Every structure is written in C-alpha cells, then in structure tokens.
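To start, the structure itself, in structure tokens.
Values reported hereafter were calculated over all heavy atoms of this structure, with side chains retained and with hydrogens, waters and symmetry mates removed. Bear in mind that the values here come from a model prediction, so they are computed numbers and not experimental data.
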Amino acid sequence: MSQTVSIKIKRRDDLVPAAVAIKYRITASNNGQSVVQVVNDIATTVGGAFVEGIGITGLLQTPGHFVAGDTIYIDSDTQAAMQDSARTFAAQATTVDMEGNQSISGAIGCVPVDVGDPGTDSSAKTFWTTLFPELAGVANLAFYDVSGAPAIVMDDSGSTVDLSIYNQRLTKGQIAPWMSGTGGSALAKKCTVKAYFKYDQQTAVSTNTVTPAKAGWHEKTATVTLTNLAAGTYGITTTGEAVPYGLAGYIYAIERIPQYEGSITIQEIEITDQCPIGTNLNLTGGLAEWATMNAVVQYVSYDLLSGRTTVTFGPAAHLGARDLVERLRVNRGPRWFYSIGGNMVNSGTNGYQLGNFTPDQGPSPNNAVASIQTFPSDVADWLANNSAYTSGVPGITNDAVGAGDYGTVIAPNAPLMHLATGSAGAITSWAHINATGTLVLQIDGSPSQTVQLQLSDVPSGFNWTSLGAIKLREVTDCVTIEGTPTTVYRQALVSGYYTTALGNT
C-alpha cells in the first residue's frame with residue numbers, strides 16, 4: 001500500500017531546440033600536410049516539416065542524396081531557412097573534431113642486383129658500371145677470376161646476403177617501414193659489395209681511341225643499401241574516423257519529444273522500490289499527457305525510517321552529440337592483441353624481491369588476432385536463419401582464418417573477402433576474392449545474367465552513361481564442325497554500339 005505525498009511536474013518545452021547543428025571539422029593529412037574539411041549536419045523544421053541537410057554551406061543535401069554522392073541539393077530557400085535556424089540562440093550547435101584519412105607516400109629509385117660476370121652478362125655489366133661509373137669507359141670488362149674470385153656481398157656482421165630476397169640496390173630515396181611490395185613488407189640492409197675486375201683502359205686521342213694500359217686485377221669495393229622493393233612510388237593510407245552523418249536528425253527527433261521534469265514522493269509502510277533507476281515514469285490520475293510522458297528517472301532517494309521514496313526525473317543534461325560520437329569511437333579500428341613482449345604469463349623477473357615483482361618485458365602490440373568478421377545485410381534474417389546458411393550469410397564477410405564454407409572455396413584459401421545476397425537461409429548469388437587474387441562470381445538461377453565490368457584501360461571516348469558497362473555475355477555463333485554448320489556459344493566482352501571510333505582497334 002502506497003500513497004503519493006507530493007508531486008511536482010513541469011513540462012520543459014523550452015528544451016525543444018529550434019535546430020540541431022553539428023559541424024564536423026575533419027582533419028586529414030597527406031605527407032604531413034594537414035587538410036581540413038568542414039561538413040555541416042543540420043536538422044530543423046521548415047514550414048512545419050522536418051528537414052535535415054548535410055554538406056558544405058550552400059550545398060546541403062538530404063542524407064540519402066549525400067550518401068549517394070549525387071548532385072541533388074535542397075532548394076536554396078529551404079537551405080537559407082535551415083541555416084538561419086541553426087544560428088539562433090534556441091539552436092543546439094556543436095563542433096566535433098574528427099580525424100580524416102592519414103596518407104603518406106615516398107618514391108625510391110632502385111636497380112636490379114646482378115653480380116654476375118660483366119664479361120658474359122649484359123645486365124651484370126649494367127649493374128657494375130652503374131655502381132662504379134669509372135668502369136663505364138673501359139673495354140673488355142670482366143671478372144679477374146670467374147670461378148675462383150666471384151663477387152662477394154656481405155652484411156655488417158660478415159654474413160653472406162641472400163640476393164634472392166635483397167635483389168634491388170637503392171639508388172634514390174629512403175626505405176620506410178610502412179612500405180611494402182609484392183615480396184611483402186619492406187626489407188633493407190646495408191651491405192658491402194666486393195669484386196675483382198680486369199679490363200682495358202680507353203683513352204681518346206684526337207679521333208682515335210688507344211689503350212694506354214691493361215688492368216689485370218683491380219679490386220673494387222662499395223657500401224650499398226639492398227632491399228626487396230623495386231623502384232616506384234609507395235604509399236599507405238590509414239582510414240580516418242567514420243563520421244556519423246545523420247546524427248543531427250537523430251538528436252533533433254529525440255529532443256522534439258516533450259520532456260517532463262520534477263519529483264514525486266511516495267509514502268509506504270515499507271519501501272518496495274516501485275520506480276528504480278533504469279525505468280521511465282508514467283502517472284495516471286492526473287493530466288492525460290502524464291500517462292505517456294516516459295519521464296527518465298535520474299536518481300532516487302530513500303528514507304528508510306519514514307518509508308518515503310523520492311523519485312527525481314527529467315532530461316539527462318550530461319548527454320549530447322559529443323557523447324554519442326565518443327561512443328562510436330570506442331570500436332574504431334582493429335582490436336590489438338598485446339603480447340606483453342612475448343611474456344604471455346606475465347612472469348616476474350628472475351630472483352625478484354617483494355615489491356619488485358615486474359614482468360620481464362613491457363607491453364608491446366602484436367598482430368591483430370585472426371578472425372572472421374561478418375556484417376549481415378539483414379540482421380533479422382541472419383538471426384532467424386543463420387544455421388541454415390551453408391555458404392556464408394547475406395552481407396560481407398572478411399575471413400582471416402579460412403574456416404568458413406563459401407561454396408567450393410574452403411581453407412586454406414584465406415584471407416578471403418566474401419559478398420553474398422539471399423534470404424531465408426538460401427544464398428542466391430555471391431562474389432569473393434580468394435588468397436590467390438582470383439575473383440569468383442556465381443549467380444544462381446540466372447544463367448543469362450551478364451557480369452558488368454568497368455575497365456580502367458577503356459579510352460575516354462567511351463560514354464559510360466549512354467552505353468553502360470562493358471559486359472561479359474554469352475553470344476550465339478555459327479561454325480562448321482566436320483563440314484556441318486553448327487550453332488555454338490561463346491563468352492565475349494561486348495558493349496553497346498557507338499558511332500565514333502575510339503582508335504584502339
């Protein structure tokens with residue numbers, strides 16, 4: 001049995017904002033140069049209708065058109081009204097600093113390593129004359145003793161260098177740890193190259209060339225940097241934070257809901273905690289709107305001696321756009337596994353004393369834990385039919401383990417990117433790229449379906465808009481087989497017709 005002793009309720013219409021305006025200041029970096037982009041997200045009411053615009057000032061788009069990346073913008077009068085609402089004192093405005101893509105690139109010059117005999121190997125001669133330019137003008141350049149005194153390549157420790165790995169000599173630039181090539185991560189090593197040559201010197205006299213001397217044994221030594229990377233420009237980009245576009249509309253929709261603030265005191269013989277923290281409060285027997293106000297309980301006070309419970313409710317003043325963005329940042333990027341410097345059991349230092357029990361090595365990041373990440377396209381379908389899918393699930397799957405069944409592609413073909421469509425436990429089509437770099441496509445139930453390709457080497461004269469994509473299509477042909485005309489089928493790359501030659505026939 002309880003009795004309401006006192007009640008105070010105030011409807012806070014003053015908390016409904018004229019607009020919610022979030023300004024995302026996105027700072028990207030390209031080779032140390034910062035590039036700042038500002039994107040607005042404004043949600044408000046114009047002419048009695050809700051509207052949200054995303055983009056730069058004057059080019060606001062609805063969220064759908066912004067995500068699509070088209071050029072359909074909100075009309076200028078509505079944009080002006082939205083921006084006026086965002087500048088009023090009744091608007092909620094905030095600026096959120098976001099990290100954009102971080103890019104770095106660098107060019108290196110390299111020449112292939114060929115330490116063979118320049119007397120019989122033209123590529124070796126190019127290598128040696130590039131390394132020792134003074135040998136470029138001699139004649140009959142060769143090793144002093146091909147079998148007994150070949151070239152020697154050693155590192156600083158005196159060990160022989162594996163030239164099948166370190167097969168390029170760095171001539172320009174520097175090797176950075178983030179560089180990588182077809183052979184994997186960048187490797188670089190300072191080495192000493194030594195060889196013994198014989199050659200004929202050449203001297204130009206008037207219009208003739210004479211040989212003033214012959215070198216029968218000439219030791220040449222050079223310190224070089226060898227690497228596994230070929231010449232070229234290398235780059236790496238770290239993806240920036242995902243900007244939560246549409247957040248302004250989400251917050252505005254919530255804050256347009258009427259908020260109720262106040263307190264209620266309940267008298268009981270023994271406290272029964274009728275409205276604990278974590279619940280919403282609705283009251284009957286008063287104003288009709290109180291029965292559906294869903295007031296948020298902020299804190300509860302108990303007087304155990306008198307049996308009174310005081311519930312204080314109202315909007316949460318400590319939550320806003322910045323808090324929601326911070327929650328989104330929690331799961332950003334890969335989860336790293338810390339190996340504690342290889343000390344998995346965190347064992348103490350040998351011979352430790354009380355108060356000095358520390359690991360042998362401090363924390364250090366290891367590789368990201370291999371895993372299977374699945375992003376279902378339909379969460380409800382996935383939850384209901386997950387056990388029925390045998391070739392992945394509709395959506396995107398990144399498999400770094402190779403434990404899944406993706407329709408004729410099983411371990412050890414990992415890592416694998418798998419995209420699938422379907423529903424109700426059945427996959428209708430899929431595409432994936434396996435560890436060998438092969439793109440595999442399957443479209444069930446549609447044998448006449450064309451696979452469209454947009455190729456990078458198609459000349460600019462080809463009109464994608466009017467002609468569509470290049471397509472891999474089954475075409476009918478007629479050939480003579482053993483003297484009999486026979487209908488056959490071919491797979492051909494085709495496109496729509498065009499009247500102006502591209503000049504690539």
Please list, one pair per line, the donor and acceptor atoms closer than 3.5 Å that link side chains of residues 26-33 to other protein atoms, with sequence neighbours excluded.
unit_1, atom_1, unit_2, atom_2, d
Asn31, OD1, Ser105, N, 2.6
Asn31, ND2, Ser105, OG, 3.1

Excluding sequence neighbours, so at least two apart, what forms side chain to side chain contact (heavy atoms under 4.5 Å, CB included) with Ala291? Thr284
Do you know the tightest heavy-atom contact between Pro394 and Ser423? CG-N, 4.3 Å
Residues which pass side chain to side chain contact (heavy atoms under 4.5 Å, CB included) with Asp70, listed by chain and number, not counting sequence neighbours: Gln61, His65, Ala68, Ile72
Using side chain to side chain contact (heavy atoms under 4.5 Å, CB included) as the criterion, list what pairs up with Ser301, not counting sequence neighbours. Thr310
Under a plain distance cut-off of 3.5 Å, with no hydrogens placed, do Tyr252 and Gln92 share a side-chain donor-acceptor pair? no
Stepwise salt bridge (Lys or Arg N to Asp or Glu O under 4.0 Å) test for Lys10 and Glu261: CA-CA 5 Å; Lys10 179 181 180 182; Glu261 181 180 75; 5.8 Å; no
Identify the heavy atoms of Tyr166 and Leu187 that sit nearest to each other, and give their distance. CE2-CB, 3.8 Å
Indicate yes or no: at least one non-hydrogen side-chain atom of Gln298 is less than 4.5 angstrom from one of Ile277. no
Mind checking side chain to side chain donor-acceptor pair (under 3.5 Å) for Gln102 and listing every partner two or more places apart, or none if nothing turns up? none
Describe, in one word, how the ring planes of Tyr245 and Tyr24 are oriented to each other, choosing from parallel (under 30°), tilted (30 to 60°) and perpendicular (over 60°). perpendicular
Asp84: what forms a side chain to side chain donor-acceptor pair (under 3.5 Å) with it, not counting sequence neighbours? Arg87
